Asker: 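Before I ask anything, here is the structure I am working with.
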Amino acid sequence: MSYLDELNDVQRQAVTNTDGPVLVVAGPGSGKTRVLTYRIAHLIEKGTAPWEILALTFTNKAAREMKERIGKVVGPRANRVWAGTFHSIFARILRVEAEKIGYPSNFTIYDSDDSKSVIRSIIQEMNLNKDHYNPNAILSRISSAKSSLITPKLYEKDEELREQDRMAKRPHLHAIYKKYTARCKRSGAMDFDDLLYRLYELFQKNPDNVLDKYREKFKYVLVDEFQDTNHLQYSIIRKFIQYDKSDRNICVVGDDAQSIYAFRGATIQNILDFEKDFEKHGIKVFKLEQNYRSTEHIVQTANEVIGYNRRQIKKTIWSDKGDGHKIKLIKAMTDGEEGQRIADNILEQKNRHHLRNSEIAILYRTNAQSRVFEEYLRRYNIAYKIFGGLSFYQRKEVKDMVAYLRLAVNTMDEEALRRVINYPKRGIGKTTLDKISTVTAQLDKPLWECLGRVQLSKRALGAIADFVAMIKSFQKKAEGENAYEAASYIAKRSGIMDELKADNSVEGINRMENVNALLDGVKAFVEDDTVIDTETIADKSLASYLQNIALLTDLDTKEDENTEYVTLMSVHAAKGLEFKSVFVVGMEEKLFPSFMSLESQDGIDEERRLFYVAITRAEQFLTLSYANSRYRYGQMRYNEPSRFLQEVPLERLEEISGARSSFGSNRPGFMDRSTDNGNSNGSSGARVSGNFKKPDRAVSLGIDPKDFKPNAPTEIQAGMKVLHLKFGEGKVLSIDGGSANRIATIFFKNASDPQQRKIMLKFAKLQIIG
DNA sequence: CTTGAACCTATTTTT
DNA sequence: TAGGTTCAAG
């Protein structure tokens, strides 16, 4: 079996030890996916039927990738492996079994916006103080309750939780949880957590011995990114595998150091528990410690940094790729300067090291940071792509359209109903809706069923009757026609199309295009005949379409034909990816680590793991940067450099950038490393000295801004001597680019690294001096 | 019931 | 800053 030759010793062990419980601890870049996929391929080669294998991942992308790579070894059989995200696999099982626990099989899946909206309306209904009852906080509280298998009843009885809520001035949280649950149920809806929780409930109650069916079906279970599983997910996994006569063929793969979703209930406790739970059953542990991705400077920096965390599984990640390039640190005065300097460096790397755009990534802690980088990359004419932010399916117009589709499939879907009952405007306003809501709350029936039972004005009654008739016609279409026929009918008849057509603003046209794109997507769904996964029947109904998109995110939209762009994304989003050159920006206290994490050691530890993830994305070049000041919420804020910067080994750091001289000493602002042994972290507040205000560069160059009179951009020509406020005197070496976008390459004799800079004349202020 | 203007509030987020 | 929500007047 040739694929086994592509593995190192430990990897091969992890692949061929197929029976019994296995834990694979896999460092970054250690070939984790390869092990997982080859293990599955190996199982199939040795005679296991693909559909007897269950492989759980966290992202659609990971699942897709896995199937692809299995396919390369075993061929199209790979498609019949039950490989998918926790949510999608469980949803698939629930579609079949939901009625056993009182849900319709065509249940709606609520995304977190829907969940929040439910919570908002409950808060309103209960007349609670909005200042203390923040939907985000409440949802996360409910979510973690579910993830810990705490039902509303248990929550009510749990004094500790209740006390926490009282302390946070939201004593009625348990009541909200209860109502929320009831409301989802009467809407025939499951939120993301329910897809897990209801499956657990199903297995726990075990009607018709449904659990046995799945235990027998799945002979082998594999879990990717095990460190990101929560208690609930592990409980379900145990249901599948941990019982009397089980062979316990389970393999989990994970890295405790890369656990960055604790804020969503993930717990590395699961890894520790796993070892304990399967101790008696001959658990085998394999550690993948060789990093095939990065150079030693990068790997050792990562090792050093993560060493500051408490509690971790012992492992030594190493690389045989040689030292490579040192890690760069860029110090900037402002966020704007940071943006420019990063763009400068990207340009330089492209020139000097011949990197392509696609080999470069800028990673930040928060999505809001992308703006400045966008600005400068655009100026420099470097193609880039921003990931994250609002996804296609979260756009208002798309959600509106989808809400109609959802309603046509499941009229119990209250969130969809509320969303569109008066959009486009049809005279069913707040007052009417309030009256209906009151009745709904009394009867505890789906809102849809209450529409006819409310005392209302003639006008309102008429409007509602029209609306109901319309939705019923949609329902008929959804049942009788394929998804595209139904959807395009609904788009027209609902009035959405007319509403959008009427708006001729740029945004309006954009919205129209988005709805059309959605319809195109439906069409593609109907026409697409590729088999996505096992036993997928050619169900082209609207219901089937909705099931398909509910669990898709942004990344489903097909890749741009042009892939030559610099990647901009949050560190979270970068997990699992790799780039030749990585810029980790905004390395400042209160930003990275985030201010929300500063209160607890656990919080800091998680941020550090996040930093670890960021570092280990880089193959050859790693650049860190921070700014002394940046705009936040429209206000200038001063931040100290991130504590994590002090944890980067000095000897692996390259002192660079024009800023060096203005700092004076070797590592200005950082206290001597020896006084900080990593255990005294808690009281770090005063550790970083405040000497970060650089003298104004212009002043230090001896130029008085008053004497500086910049010339018009068009006057600048190659060969001229010019003066720049920041960089001082320089010589224009060449000029590229068209009239409006002329870029000058200028050599500044007094600037340090890089002395040669490309400057967009349109924006630059240069004075000709000769 | 609809509209516009003041008002408020901000992490990360595989699903 | 930017966006969403809320509130008071049409």
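The chains referred to below are lettered A, B, ... by the order of the sequence lines, with proteins before strands, and numbering in each begins at 1. Predicted model only: the values in this text are computed from it and were never measured.
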Asker: Of all the nucleotides listed (B/dC1, B/dT14, B/dT15), which has the minimum atom distance to the side chain of A/Thr431?
Answerer: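 Closest nucleotide to the A/Thr431 side chain: B/dC1.
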Asker: Measure CZ/A/Phe86 against C1'/B/dT13 and give the value in whole Å, please.
Answerer: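 Between C1' of B/dT13 and CZ of A/Phe86: 16 Å.
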Asker: Report the distance from atom CD1 of A/Ile464 to atom C1' of B/dC1, rounded to the nearest whole Å.
Answerer: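 After rounding, the gap between these two atoms is 13 Å.
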Asker: Quick check on B/dT11: syn or anti? Syn means the glycosidic torsion is within 90 degrees of zero.
Answerer: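 What B/dT11 shows is a syn base, its glycosidic angle lying within 90° of 0.
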Asker: Any side-chain N or O of A/Asn60 under 4.0 Å from OP1/OP2 of B/dT15?
Answerer: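 Answer is yes, contact under 4.0 Å.
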Asker: Without decimals, in angstroms, what is the distance between A/Met569 CE and B/dT13 C1'?
Answerer: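 A/Met569 atom CE is separated from B/dT13 atom C1' by 14 Å.
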Asker: Here's a test for you: under side chain to side chain contact (heavy atoms under 4.5 Å, CB included), which of A/Glu578, A/Lys575, A/Arg617 qualifies with A/Pro28?
Answerer: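 Result for side chain to side chain contact (heavy atoms under 4.5 Å, CB included) with A/Pro28: A/Arg617.
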Asker: Determine the contact category for A/Arg609: base if any of its heavy atoms lies under 4.0 Å from a base atom, sugar-phosphate if only primed atoms, P, OP1 or OP2 are that close, otherwise nothing.
Answerer: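 Result for A/Arg609 = nothing.
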Asker: Do A/Arg418 and A/Ser437 pair up side chain to side chain, a donor and an acceptor below 3.5 Å, judged on atom types alone?
Answerer: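 A donor-acceptor contact under 3.5 Å links the two side chains.
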Asker: Want to settle it: does A/Leu433 or A/Thr85 sit nearer the 5' end of DNA chain B, counting the closest nucleotide to each?
Answerer: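 It is A/Leu433, whose closest nucleotide lies nearer the 5' terminus.
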Asker: Would you tell me whether A/Arg183 and A/Ser121 have side-chain atoms, one donor and one acceptor, within less than 3.5 Å of each other?
Answerer: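 A pair is found: one side chain offers a donor N or O, the other an acceptor, under 3.5 Å apart.
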Asker: Have A/Arg198 and A/Tyr103 got a donor and an acceptor in their side chains that come within less than 3.5 Å?
Answerer: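 The answer is yes; a qualifying pair exists.
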Asker: Looking for any heavy atom pair under 4.0 Å, which part of the strands does A/Asn422 touch: base, sugar-phosphate only, or nothing?
Answerer: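 Answer is sugar-phosphate: A/Asn422 comes under 4.0 Å of backbone atoms only.
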Asker: Return no unless some side-chain N or O of A/Ser112 is found under 4.0 Å from OP1 or OP2 of B/dT13.
Answerer: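 So the side-chain polar atoms of A/Ser112 never come under 4.0 Å of the phosphate oxygens OP1 or OP2 of B/dT13.
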Asker: Mind listing the N/O atom pairs, protein and nucleotides 9-12 of chain B, below 3.5 Å?
Answerer:
from, atom 1, to, atom 2, distance (Å)
B/dA10, OP1, A/Asn134, ND2, 3.4
B/dT11, OP1, A/Tyr633, OH, 3.4
B/dT12, OP1, A/Asn367, N, 3.3
B/dT12, O4', A/Arg365, NH2, 3.0
B/dT12, N1, A/Arg365, NH2, 3.3
B/dT12, O2, A/Arg365, NH2, 2.3

Asker: Do the ring centers of A/Tyr364 and A/Phe592 come within less than 6.0 Å of each other?
Answerer: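 Between A/Phe592 and A/Tyr364, which both carry aromatic rings, the centre distance is not below 6.0 Å.
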Asker: For DNA chain B, whose closest nucleotide is more 5', that of A/Lys575 or that of A/Ile428?
Answerer: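 Between the two, 5'-proximity favours A/Ile428.
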Asker: To the nearest 0.5 angstrom, please state how far the OG1 atom of A/Thr59 sits from the CZ atom of A/Arg64.
Answerer: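 The OG1 atom of A/Thr59 sits 8.0 Å away from the CZ atom of A/Arg64.
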Asker: Just how far is it from atom CD of A/Glu606 to atom CD1 of A/Ile268, taken to the nearest 0.5 Å?
Answerer: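 The distance works out to 9.5 Å.
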Asker: Could you state the atom-to-atom distance from CD of A/Glu65 to C1' of B/dT14 in whole Å?
Answerer: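 The distance from CD of A/Glu65 to C1' of B/dT14 comes to 13 Å, rounded to the nearest Å.
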Asker: Regarding A/Lys425, tell me which of base, sugar-phosphate or nothing describes its non-hydrogen contacts under 4.0 Å with the strands shown.
Answerer: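 Sugar-phosphate only.
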Asker: For A/Ile123 and C/dT5, give me the distance from atom CD1 to atom C1', rounded to whole Å.
Answerer: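 Answer to the nearest Å: 13 Å.
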Asker: Rounding to an integer number of Å, can you tell me how far A/Lys116 NZ sits from B/dT15 C1'?
Answerer: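 It is 13 Å, rounded to the nearest whole Å.
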Asker: Just how far, in rounded Å, is P of B/dT15 from CG of A/Leu232?
Answerer: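 So the two atoms are 17 Å apart, to the nearest Å.
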Asker: Would you indicate, yes or no, if B/dC1 has its OP1 or OP2 atom less than 4.0 angstrom from a side-chain nitrogen or oxygen of A/Arg426?
Answerer: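 No, A/Arg426 has no side-chain N/O under 4.0 Å of OP1/OP2 on B/dC1.
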Asker: Calculate the interatomic distance between A/Leu56 atom CG and B/dT15 atom P; express it in whole Å.
Answerer: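 So the two atoms are 14 Å apart, to the nearest Å.
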Asker: For the residue pair A/Ser594 / A/Ser597, report whether a side-chain donor-acceptor contact shorter than 3.5 Å exists.
Answerer: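 Not at all, the side chains of A/Ser597 and A/Ser594 share no donor-acceptor pair under 3.5 Å.
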